[in-house]
Amino acid sequence: MSKKDIKVPNIGEFKDVEVIEVLIKEGQKIKKNDPLITIESDKSSVEIPSSEEGTVISLNIKIGDKVSEGDKIIEIESEKELKGIEVAESPKNQLSKKVDKKEIRENKETGDILIKDASIKTSASPKVRKFARELGIDINKVSGSERQGRVTESDVKLFVAKKSNKTFKNQNITDQKIEQEYSHSEFGEVEIKDIPRVKKLSSKYLMNSWSKIPHVTNHDEADITELEEFRASLTDIYTGEKKKITPLAFIVKALTVSLKKFPNFNSSIDEIENGKMTVKKYFHVGIAVDTPHGLMVPKLRNADNKNISLISAELKKISQQCRDLKIDKKELFGGSMTITSLGSIGGSFFTPIINYPEVAILGVGKAEKKQVFIDGKFVTRTMLPLSLSYDHRIIDGAEAARFNNELKENLGKNFAYKLAV
Ligand code: CAO
């Protein structure tokens with residue numbers, strides 16, 4: 001048994017470089033070529049391997065220390081008898097024993113120290129090493145795609161992507177920005193335009209909803225044949241002219257009736273860990289309005305207490321205020337549940353994103369006449385596509401299906417709001 005010092009070898013012109021990783025601890029058994037520390041200069045970083053095998057008795061270096069050639073890294077106790085080799089070798093001797101001088105040189109182009117020795121494995125810039133460290137990735141496990149196996153940031157990302165496909169352990173990975181490796185203009189003419197302010201503002205809310213809420217969407221169809229006949233029959237009592245009330249006003253009313261039976265849909269959760277949810281006693285229905293500036297969601301307040309004509313008038317008013325950017329910001333907050341209707345544009349089913357902190361949203365498609373099998377025969381009915389997205393933490397699929405049944409009932413031939421026009 002003998003004690004030995006392992007020192008920083010000759011690493012080219014690099015002096016006073018920072019220790020960024022200590023890869024061993026006291027009491028640890030190490031083999032020859034096991035990595036001991038990683039040092040980093042402005043331009044590059046390398047691992048220093050052990051030139052001996054033994055047990056680490058003491059560490060003489062910590063993260064943040066500045067080291068140069070000849071500085072002691074560790075003291076080890078070696079089990080092997082030393083034959084003619086000094087206990088504390090001069091760095092040069094140690095180096096010549098470890099790596100041929102020709103094999104250590106600085107690459108002027110990349111700034112890397114190139115070391116052919118297999119034990120000093122990974123070549124990467126300090127930025128890439130730092131990036132890998134922040135992701136908790138052992139850079140030695142990443143295969144480098146560049147010359148000499150140099151690891152790039154893209155290599156680390158690819159490694160992470162492969163790893164996260166297997167395990168979804170590291171949630172932070174989804175927050176990492178993926179650097180685009182090409183420019184669109186490489187493939188043809190492009191134009192750079194400003195993203196409208198409303199779209200920029202709403203993007204953080206959409207991202208928040210999309211990433212925080214476990215969404216499920218139930219699709220269903222409501223038979224609104226009688227509702228449409230009723231709607232077509234509406235005339236103004238003073239002028240005798242046909243009233244222009246869209247299906248949406250009826251849907252708002254039907255929704256408030258349904259919400260009263262299913263209060264979970266009129267709730268919000270701040271932190272699920274708190275174990276508390278806020279159940280709202282008011283019925284402020286959010287309406288997604290398509291404007292030239294982007295999507296806005298004003299609230300139609302106390303819709304349960306308003307008749308269909310008033311709801312229709314308010315729908316027109318608040319959607320126009322949004323298009324003119326004259327809506328009070330406060331009117332965009334404090335909703336019960338949102339309706340997003342593409343009925344006037346087209347399409348049937350879709351997957352609406354819940355307007356956080358609400359827990360459900362109703363997507364409405366374009367009503368169409370269809371052949372429906374009722375009481376043993378096909379009949380023509382007007383069917384309205386419904387896409388109900390809900391927060392699965394609060395609402396179960398069965399409850400959502402029941403909610404849709406209730407909504408269909410309230411939009412169907414026995415519709416409760418007939419007297420409420
Ligand atoms: N099925 C069939 N026809 C429908 C319909 C439906 N579900 N909904 C509306 N229509 C008809 C209306 O009856 C009206 O017909 P007439 O011109 O013959 O009277 C026509 O479509 C236009 O309706 P509208 O759009 O003026 O009014 P609305 O009350 O249906 O909608 C509003 C108001 C503000 C919701 C709507 O203008 C809008 O902005 N829609 C887009 C919302 C959106 O973009 N959602 C997607 C969000 S996710 O990105």
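Counting convention: from 1, in listed order, for ligands and their atoms alike. Below, all heavy atoms of this structure are taken into account, side chains as well, without hydrogens, waters or symmetry copies. Quantities reported herein were computed from a predicted structural model and do not represent experimental measurements.
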Closest approach of any protein heavy atom to [atom], naming residue and atom:
| atom | value |
| --- | --- |
| atom 13 (O) of ligand 1 | Pro247 CD, 3.4 Å |
| atom 48 (S) of ligand 1 | Thr340 OG1, 3.9 Å |
| atom 4 (C) of ligand 1 | Gly343 O, 3.5 Å |
| atom 49 (O) of ligand 1 | Leu295 CD2, 4.0 Å |
| atom 26 (O) of ligand 1 | Thr246 CG2, 4.7 Å |
| atom 17 (O) of ligand 1 | Lys244 NZ, 3.3 Å |
| atom 36 (C) of ligand 1 | Arg323 NH2, 3.9 Å |
| atom 21 (O) of ligand 1 | Ser344 CB, 3.1 Å |

For [X], the ligand 1 atoms whose distance to one of its heavy atoms is below 4.0 Å:
| X | value |
| --- | --- |
| Ala288 | 35 (C), 42 (C) |
| Arg231 | 13 (O) |
| Leu342 | 43 (C), 44 (O), 45 (N), 46 (C) |
| Leu384 | 7 (N) |
| Ser319 | 34 (C) |

For Arg197, does the CZ atom sit with more than 12 other heavy atoms under 6.0 Å from it, leaving out its own atoms?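 Open: at most 12 neighbouring heavy atoms sit under 6.0 Å from CZ of Arg197.
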Around Asp194, counting heavy atoms of other residues, nucleotides and ligands shown, do more than 12 lie under 6.0 Å from its CG? no
Are Glu153 and Val156 side-chain neighbours, meaning at least one heavy-atom pair lies under 4.5 Å?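 Not touching, per the 4.5 Å side-chain cut-off.
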Under the 3.5 angstrom rule, does the side chain of Ser389 hit a backbone N or O of Thr217 as a donor-acceptor pair? no
Which of these passes side chain to side chain contact (heavy atoms under 4.5 Å, CB included) with Ile272: Asp270, Ile269, Asn274?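 Of the listed residues Asp270, Ile269, Asn274, the side chain to side chain contact (heavy atoms under 4.5 Å, CB included) partner of Ile272 is Ile269.
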Taking all atoms of both residues into account, what is the closest heavy-atom pair of Phe350 and Gly363, and its distance?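 Minimum heavy-atom contact is CZ-CA, 3.5 Å.
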Say you draw a straight line from CZ of Arg323 to CD1 of Ile318; how long is it, rounded to the nearest 0.5 Å? 10.5 Å
From Ser50 OG over to Leu36 CG, what is the distance, rounded to the nearest 0.5 angstrom? 5.0 Å
Going by the 4.0 angstrom heavy-atom rule, the piece of Leu248 near ligand 1 is side chain
Taking only Lys NZ, Arg NE, NH1 and NH2, and the carboxylate oxygens of Asp or Glu, determine whether Lys299 and Glu314 approach each other closer than 4.0 Å.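 Salt bridge flag = no for Glu314 with Lys299.
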Sidechain N-carboxylate O distance under 4.0 Å for Arg393, Asp391: yes
Sub-4.0 Å protein heavy atom next to atom 7 (N) of ligand 1: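 True for atom 7 (N) of ligand 1.
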Is atom 40 (N) of ligand 1 in close reach of the protein, with a heavy atom under 4.0 Å away? yes
Which residue is it: Glu221, Glu368, Glu226? I am looking for the one with a salt bridge (charged side-chain N to carboxylate O under 4.0 Å, His left out) to Arg381.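 One option only clears the test, and that one is Glu226.
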Mind checking whether Gly363 has a heavy atom under 4.0 Å from ligand 1? no
Does any N or O of ligand 1 fall below 3.5 Å from an N or O anywhere on Ala367, backbone included?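 Yes, Ala367 has an N/O under 3.5 Å of an N/O on ligand 1.
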